[in-house]
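Values in this document were obtained by computation on a predicted structure and should not be read as measured data. Counting convention: from 1, in listed order, for ligands and their atoms alike.
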Amino acid sequence: MKQSMTLIPTLREVPSDAEVKSHQLLLRAGFIRQNASGVYTYMPLGRKVLQKVEAIIREEMNHAGAAELFMPALQQAELWQESGRWYSYGPELMRLRDRHDREFALGATHEEVITSLVRDEVKSYKRLPLTLYQIQTKFRDEKRPRFGLLRGREFIMKDAYSFHATQKSLDEVYERLFQAYTNIFRRCGLNFRAVIADSGAMGGKDTHEFMVLSEIGEDTIAYSDTSDYAANIEMAPVTAVYEKSGKQANELEKIHTENKKSIEEVSAFLQVEDKDCVKSLLFKVDDRHVLVLVRGDHEVNEIKLKNFFEASVVELADANTTKEVLGCSVGSLGPVGVGNVEVVADHAVKGVVNGVCGANEEDYHYQNVNPERDFKVSAYADFRFIKEGDPSPDGNGTIVFAKGIEVGHVFKLGTRYSEAMNAVFLDENGRTQPMIMGCYGIGVSRTMAAVAEQFNDENGLVWPQNISPFDVHLIAINMKDKEQAALAEELYANMKTSGLDVLLDDRQERPGVKFADSDLIGLPVRVTVGKKASEGIVEVKIRKNGEMQEIHKDQLAEALKTILQEL
Ligand code: 9G3
């Protein structure tokens, strides 16, 4: 491609509304332009990167035995009404009416469409397993689109769906696609971890997220410092065990704690440590309230609460409800004497001796509270977020936190959609069974941004060779100089003939502008045709490490092949 023929509008200034590196650089290097909040145009260079990422995805998905199709973004409301999600999703699901006033959703994902297709076309176990995928634009009306392509309202996803007669078959395909994902992200050059994700009701065996490590990531990963254990912090189980210290249990005492509400205020006032306090929080769990106890230095993990009760709604009760149900404000809540709501506690609470908790009376707390003697709980379970320094759940090492960007997510769905939409098959005994499903997503446009986030320096982007928009940036210092122009055109033709993807900067621009743009765009290798054109000598520069060398044009093709292989 010749730059005089394409559109690569580079910017000198950092756009003010771009907060993260990848967003700033993709804008400045002319890879994307914003149309609306969370809605982007992929400019020619951005489009090329997407095509390279998609090519890697297709190779690995096809190799894993998946068949590519392409589903509509316009989805009949009826399908989402069958699955029930028409009613459970709020404004994030974009909806519209056609000219006949019929309702549609703009596809946020495609479980409903694919399940309705397969139920119509597949009836026998002989046709299973079947794995279908697409690479398609998705629409999700995010409340706060941000970080450019990392959280958009219209984005490109590869979404795959697998259909099985048995759980064993799903497990096999899940493993194979898990491996395909590992290959895809490695070939994109990313530093990533596959982490155990929210287990839903099951025990965390049925879904993994692929996380790119980055301090601007929105997810927190809990991983072991000595093993390959890694889990989304929402999921990571706590395996620490708690024994009571041998301390003598003292007499329970009610203390006036004027205006002392938070754990910090109370523990400072009473001169005790957070870990000797019991924090009580009232939650709405489906149609009832539950008082949840955790140690003062821990936080309630609502996903674990939801999974424990297999609830569909779990939310912290608001101040008024708390007052109504327990007769006092949040800052004075405690388990002693509570009889009208169920009380559950995190395992760590069991180890508290002579602790402090709210007295369920405004501005009063108990001191020397001892679990079992002073209050009963209906269950002790793992209700807290894991913390750095906790033992790794696999028994190896201790937990460290890292931030991650989720670029992939694989699920064992089971029969959630096939039962709701009656996607059934006849098994070998002639019995009708619901198909067992898996689904597998990759954020394609998000992957491009994640690579930009991990691969850049003070001069701009530094694309890994596999997904760089071009292999070589060929720069002619002065296209008005006949020898330079002739050599540039000759090298351009030769490189393309030898299979290299070349971007020729043939613009009438000053050298400084060309070099700055070249560093910003970040192609792996730059070849400059300048003063020594008459001797057939060009300068070759490697973007990643700045290494420069002069090479005669006759050795150029060979040299470039070697350089690109070693990158
Ligand atoms: C919606 C909206 C947002 C959504 C969903 C549905 C996330 C939704 C989860 C998934 C699960 C998998 C197939 C590919 C891999 C991920 N956000 N999810 O279902 F209507 Cl507005 O998308 N889908």
### Over all atoms of both residues, closest heavy-atom pair of L26 and A449
CD1-CA, 4.2 Å
#### Entry: From F178, Y440, F192, residue fulfilling ring-ring contact (aromatic ring centres under 6.0 Å, His included) relative to H208
F178
Between ligand 1 and the protein, which N/O pairs fall short of 3.5 Å?
from	atom 1	to	atom 2	distance (Å)
ligand 1	17 (N)	R140	NH1	3.1
ligand 1	19 (O)	R85	NH1	2.7
ligand 1	22 (O)	R140	NH2	3.0
ligand 1	23 (N)	T109	OG1	2.9
ligand 1	23 (N)	E111	OE2	2.7

### Message
Could you tell me if N320 and E324 have a donor-acceptor pair between their side chains, going purely by distance under 3.5 Å?
### Response
no
### Query
Between the side chain of E154 and the main-chain N/O of V39, is any donor-acceptor distance below 3.5 Å?
no
### Message
Is a donor from one side chain sitting under 3.5 angstrom from an acceptor on the other, for Q136 and Q134?
### Response
yes
#### Entry: Pairs involving residues 383-424, ordered by first then second residue, that meet ring pair (Phe, Tyr, Trp, His ring centres under 6.0 Å) (sequence neighbours left out)
F308-F383, H409-F411
